[in-house]
2 protein chains.
Amino acid sequence: MTQPPMNQNVTLAEIAEVAGVSPATVSRVLNGDERVAEHRVESVNRAVRELGYSPSRAARSLATGKTGLIATIIDSNLEVFTDPFWGIVTTAISRTLQKSNLQALLMATPLNKADNMLAASLNSQQVDGAIFFQLHDDGFVAELFKQGLPCVVVGTPKSSKSIPYVDVDNATGARMATEYLITRGAKNVATITGDLAISAGRLRYEGYEAAIAALGQAVDKNLVVNGNFSHESGIEAMEELLDSGVPFDAVFVANDLMALGAMSVLNERDIKVPEQVAVVGFDDMFAAQLGRQKLTTVRQDIEGLGSAAASMIAEMVEGRRPASRMLQTELIQRDTA
Amino acid sequence: MTQPPMNQNVTLAEIAEVAGVSPATVSRVLNGDERVAEHRVESVNRAVRELGYSPSRAARSLATGKTGLIATIIDSNLEVFTDPFWGIVTTAISRTLQKSNLQALLMATPLNKADNMLAASLNSQQVDGAIFFQLHDDGFVAELFKQGLPCVVVGTPKSSKSIPYVDVDNATGARMATEYLITRGAKNVATITGDLAISAGRLRYEGYEAAIAALGQAVDKNLVVNGNFSHESGIEAMEELLDSGVPFDAVFVANDLMALGAMSVLNERDIKVPEQVAVVGFDDMFAAQLGRQKLTTVRQDIEGLGSAAASMIAEMVEGRRPASRMLQTELIQRDTA
DNA sequence: TTTATTACTGATAGCGCTTTCACAAATGTT
DNA sequence: AACATTTGTGAAAGCGCTATCAGTAATAAA
């Protein structure tokens, strides 16, 4: 409760004076330099406490060439706004960065046209590193990375895998989901895919494929229908599947949003879930738990995504070169399968 | 497509040399000082372009005492993570700040115990201002504000109204919703309230009350049951309402999450919506449009909240003192009323 | 004891910008 | 024609730190 005085304008020089040492020594103490006599460390710390001193970031940046800032860039063209995803991930980033004395600079900007503005921000000594979110065009990121800016992308980069990235293990998650359906007794597992142009879409489909292949079977093309991750496309895909007449008793849907759409079609046509058709989604989005039937789905560790990205960038800032990471998923069994 | 060279280490001094003027003049041009001869302005701009120069934020901060940074503080104890709210609002903030050459610094931190750390970040010359999200204890903010830090809170501050804030007009929105229900022919409009300890909860209830009062009636206490904004509490509240036996033909629910819960109870008991009971929610959360019956609700302008907060803080940074703002809501008619 | 290390510490020189301040040139005023 | 203003510019002094470098005191090695 005893708020420290926290004077706005105390400078290192004043601390030096009060503590009776040179500015250099104060700086050493502040930065944890070992070889300072114990009694001086103490008197410096005391002065810091008493005057409520906290060093100026600007001055420090200017002197060191480090800003302590990490750009967190979201392509505002992207519609990540269907879920708490972005909030959770940025919060995790911010929290994790704090441990390395870094801070997150938020940048929402259309990635294509902003090239220049963004480049200006990133290229000069404005930030120590940058975290990008899955993007259509990662050529820009590759460029920056090559120029020496520490970068990590959340999601799987399209072109240059040389950029460190962190992603959810989409393929394994999808495979687990499909295998679960099979284990539950499904004979014909259909799938509604996401946008196959996006890595998450492709990989989830490949996971489905792998599960079928493990059975020694080939994928029946009639059982796969393409969606684009939208709720609407889930509805359409399920209608198409049903109308085609192919028999199926389970469906793996590439994300919850489409799964919810698919479920509403199933409900309308009075097809019992999971008795007649079992369904499992992917993402464990918030709304998955809202309906009268809660969705069985593959949960991705969103918070983990953020903190992994943050700690990777922190490593890079310190000069190391972290390996890309793949986060495990978890099958959440609920009402629909 | 032609990426500018964008050299990492061009300094103002080099620009001065290339342009054949003094550093002071370069600085003037960069900052739009009027009284520089036209031909010099041009040669400076040319040099800037050719060398791909962009000024160092740190140096500028050190010289001016301004950082160009706005802290965006989210109390990580809070569960804002049920909706895209946070993502939308921060994106809007970031985008709006850019217009004033400011940037958003993200800080997710438990507000109570972090006092010290946060205070350290905010108090010294680390940021030019701060945006806070609705918080239980705004005493901390009041403190900072009194100390001269430009602050804006998103939501309605509990204690000190002297802090500039921006909020959705909860009362009017709730009143509109209730009146709509009445206009539609409802004779007995019930309400499920939110947490009345939170301003949004209280104000939405007051809006309901006002609509009833406008009819010249008093609120029938049997028609109001308290929830706490959670899905679960919506379910419970509706069960209570139904079990109590009080007749009602419409219900205004203080948020969509509870409304969705209430709806599922109505469905289970085969009560037709909106024929037997009309329902309208509040928030227009994403999931409101997902079910088979899309929720009629009061939309709040989340993006507006973010950009208002951002432009208010920008004004304050420039020394002005903006008035608090109240954002209008909009009734979105869908399937449930 | 003399010399070579080691342990601490303080001057001091920037980091890259802004901003007085002073001054010259150009313009305006009696 | 003499003086007072206004304009446009550069020199130079910081802004608050860090980091190099050199120097003194204390310790180890010869």
Side-chain angles (χ1 to χ4, degrees), chain A residues 6-45 47-48 51-69 101 120-121 123-128, chain B residues 6-45 47-48 51-69 101 120-121 123-128:
Chain A
M6 193 59 73
N7 191 311
Q8 306 265 27
N9 298 312
V10 199
T11 73
L12 180 144
E14 297 176 48
I15 298 294
E17 193 169 347
V18 171
V21 300
S22 73
T25 296
V26 176
S27 174
R28 287 187 186 107
V29 173
L30 258 33
N31 294 293
D33 192 319
E34 292 296 317
R35 38 186 208 164
V36 175
E38 192 53 36
H39 72 279
R40 299 197 198 226
V41 173
E42 275 166 23
S43 68
V44 166
N45 283 334
V48 166
L51 302 192
Y53 167 77
S54 120
S56 147
R57 195 180 268 283
R60 184 172 280 180
S61 295
L62 188 53
T64 59
K66 298 261 159 213
T67 60
L69 263 28
N101 275 307
S121 292
N123 231 315
S124 22
Q125 42 291 98
Q126 314 302 321
V127 298
D128 293 349
Chain B
M6 192 60 71
N7 191 311
Q8 306 266 26
N9 299 313
V10 200
T11 73
L12 180 145
E14 299 176 44
I15 299 294
E17 193 168 347
V18 171
V21 300
S22 75
T25 297
V26 176
S27 174
R28 288 188 185 106
V29 173
L30 257 33
N31 294 294
D33 191 319
E34 293 296 316
R35 42 188 205 164
V36 175
E38 191 55 36
H39 71 279
R40 301 198 197 223
V41 173
E42 276 166 23
S43 67
V44 166
N45 284 334
V48 166
L51 302 192
Y53 167 77
S54 120
S56 148
R57 194 179 269 282
R60 184 172 282 181
S61 295
L62 188 53
T64 59
K66 297 261 160 215
T67 61
L69 262 28
N101 275 308
S121 293
N123 231 315
S124 22
Q125 40 290 101
Q126 315 302 320
V127 299
D128 292 348

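Sequence lines set the chain letters: A, B, ... in the order given, protein chains first and strands last, and positions in each chain run from 1.
The CZ atom of B/Arg57 sits 12 Å away from the P atom of C/dT18 (whole-angstrom rounding). Whole-Å rounding puts the A/Asn31 CG to D/dC17 C1' distance at 9 Å. Atom pair B/Arg60:CZ and D/dG16:C1' shows a separation of 18 Å (rounding to whole Å applied). In this entry the distance linking CD of B/Gln126 with P of D/dG16 reads 12 Å, nearest Å. As rounded to whole Å, 6 Å separates atom P of D/dT18 from atom CG of A/Leu12. Atom CZ of A/Arg28 is separated from atom C1' of D/dA19 by 9 Å (rounded to the nearest Å). Spacing between atom CG of A/Leu51 and atom P of D/dG16 amounts to 15 Å, rounded to whole angstrom units. Atom CG in A/Asn9 sits roughly 7 Å away from atom P in D/dG16 (whole-Å rounding).
Axis angle between the ends of the helix from C/dT1-D/dA30 to C/dT30-D/dA1, five pairs each and rounded to 10 degrees, works out to 40°.
Judged as a side chain to side chain donor-acceptor pair (under 3.5 Å), and not counting sequence neighbours, A/Thr11 has no contacts. Qualifying side chain to side chain donor-acceptor pair (under 3.5 Å) partners for A/Ser61, counting only residues two or more places apart in sequence or in other chains: none. Looking at residues two or more places apart in sequence or on another chain, you find no side-chain contact (heavy atoms from CB on, under 4.5 Å) involving A/Glu17. For A/Ser22, the side chain to side chain donor-acceptor pair (under 3.5 Å) partners are A/Thr25, not counting sequence neighbours.
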Tell me which donor-acceptor pairs under 3.5 Å the side chains of residues 33-45 of chain B have, and how far apart each pair is, sequence neighbours excluded?
| unit_1 | atom_1 | unit_2 | atom_2 | d |
| --- | --- | --- | --- | --- |
| B/Asp33 | OD1 | B/Arg35 | N | 3.2 |
| B/Ser43 | OG | B/Arg40 | O | 3.2 |
| B/Asn45 | ND2 | B/Val41 | O | 3.3 |

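When all heavy atoms of B/Ser56 and B/Ala59 are compared, the pair lying nearest together is OG-N, 3.1 Å. Residue A/Gly52 comes nearest to A/Val10 through the heavy atom pair O-CG2, 4.2 Å, listed as atom of the first residue, atom of the second, then distance. The shortest non-hydrogen separation linking A/Gln126 to B/Ser54 is NE2-OG, 4.1 Å. A/Val127 and A/Thr67 get closest at one heavy-atom pair: CA-OG1, 3.4 Å. Heavy atoms only, all atoms of each residue included: B/Leu62 and A/Ala58 are closest at N-CB, 3.8 Å.
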Report all interatomic pairs (protein N or O, nucleotide N or O of nucleotides 23-27 of chain D) with separations under 3.5 Å.
none

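Side chains of A/Leu69 and B/Leu69 form a contact here, defined as non-hydrogen atoms less than 4.5 Å apart.
Contact between the side-chain N/O atoms of B/Ser27 and the OP1/OP2 oxygens of C/dT18 is found at a separation under 4.0 Å. Here A/Thr25 reaches the OP1 or OP2 of C/dG10: one of its side-chain N or O atoms lies under 4.0 Å away.
The side chain of B/Ala63 has C/dG16 as its nearest neighbour among C/dG10, C/dG16, C/dT19.
Listed in residue order, the members of residues 13-23 of chain B having a heavy atom less than 4.0 Å from DNA chain D are B/Val21, B/Ser22. In the region residues 32-45 of chain B, proximity to DNA chain D at under 4.0 angstrom, judged on heavy atoms, holds for B/Arg35, B/Val36, B/Ala37, B/Arg40.
Between A/Ile15 atom CD1 and A/Leu30 atom CG the span is 8.0 Å, to the nearest 0.5 Å. For the atom pair CZ (B/Arg60) and CG (B/Asn31), the distance works out to 5.0 Å, reported to the nearest 0.5 Å.
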